[in-house]
Amino acid sequence: MQSRLAALADRNQHVAPFQTMELVKQAQALEMQGRSVIHMSIGEPDFTAPEPVVRAMQQALKAGRSQYTAALGLHGLREAVAAHYALTEGLDVDPDCIIITAGASAALTLACLALVNPGDEVLLTDPSYPCNRHFVAAAGGVPQTVSVDATSRFQLNAGLIASHWSTATRGVLLASPANPTGTSMRWSDVCESITAVQSRGGFVIMDEIYQGLRYGDASAGIPATPHSALHASGDLVICNSFSKTFHMTGWRLGWLVVPRPWVPAFEKLQQNLFICASALAQQAALGCFTEESQAIIAERKAQFQARRDCIVPGLRRIGFDIPLIPDGAFYVWANIKAFGMESSLFTRRMLQETGVSIVPGADFGRTQAQDWVRFSYARPLAVIEEALDRIQSWLA
Ligand SMILES: Cc1ncc(COP(=O)(O)O)c(C=O)c1O
């Protein structure tokens, strides 16, 4: 009998392609044809892991330390992360509440599976990191996006949470600084939002993957130093990662900080879904916290800030409307209404006609999709300047 391929599950119809990754594929195809492409689409540092991390990986590999670790992660690494919070933020975090994960992606997956029941609604910003909707949906939850604009720094606040909270809402997924806007929540909004959610019996998942890349915006009262939401409450799920601050995207390593009573539930999920994060990556990550690595990371952060200070005025000069200075991450969220072209067409034509690859707003939400684009400025200054020149000539 001839075999027939089984039908895929219905949920596949609800998973939109991650357009950033699709765009990267198109840009790479152009490069294969010999075109010069400037990649400003993918959200990934152009730097690689600091040298002490590479050395730690080589040693671990040589010593064969590649067996599974405990599900919660290497105790030494959990202690190192706790010590990092103490050093950088004066925060006393219990290493037993830290869970090492396969990147922030696995951290957010675990958090949603641990907290969301089928049918539960979770509030997210529109625009936000595209995968967030799918982490919630994977747990059977319903992502409820709230359209936000520059008046709230493209973030939720207590007022927006109150007006969008329904009987089915169970919690919020926040990110500060955020992707795609690069803007942080005001500290008062962090505190008031947490109170607004917790007073309703809800959970807060706070994605702090870009906390280590904050340059601040003095005019908006946004500081340049990390300031975890843990300062406001310990009853949160904090998500973080080695991907962005430590320039280790492909190493797939991140962490969670969770309230102590929730650790066993997260541990069970981690055991069953992932067993543990990569053992070799965990050994290597111990190298992140040496003085040498910290100095490298601080120097690179200064480079990111210099790039921001080049691209934002550069794009504004060309005619992009950037209502807020992005105070963190390596993104600029720019309005293109003035150019009279819808953002998917704009980014497609920009790639074809200038070789500069950026992402259309549609990847990050619905309400502002047509008029907005995201630039990732994780590129050397000279490359950013070249991109600005190409875009200026094209638009002229
Ligand atoms: C806001 C945000 N959260 C999570 C992630 C996923 O990061 P990771 O590489 O640690 O899985 C990203 C990646 O771009 C992101 O921008």
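Numbering of ligands and ligand atoms starts at 1, following listing order.
For Arg153 and Asp327, the salt-bridge test passes: some basic side-chain N is under 4.0 Å from an acidic carboxylate O. Ion pairing between a basic and an acidic side chain is recognised when a charged N comes within 4.0 Å of a carboxylate O; Asp96 and Arg260 show such pairing.
Side-chain contact check for Val53 versus Ser293: some heavy-atom pair is nearer than 4.5 Å.
Here Ile297 contributes atom CD1 and Leu213 contributes atom CG; the two are 9.5 Å apart, rounded to the nearest 0.5 Å.
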| said: ring-ring contact (aromatic ring centres under 6.0 Å, His included) for Phe203 and Trp262? Distances and angles first, verdict last. | reply: CA-CA 12 Å; Phe203 65 77; Trp262 291 356; 7.8 Å; no

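For ligand 1, residues of the protein lying within 4.0 angstrom by heavy-atom distance are Gly103, Ala104, Ser105, Tyr129, Asn179, Asp207, Ile209, Tyr210, Ser241, Ser243, Lys244, Arg252.
Evaluation of the salt bridge (charged side-chain N to carboxylate O under 4.0 Å, His left out) rule for Glu267 yields no partner, not counting sequence neighbours.
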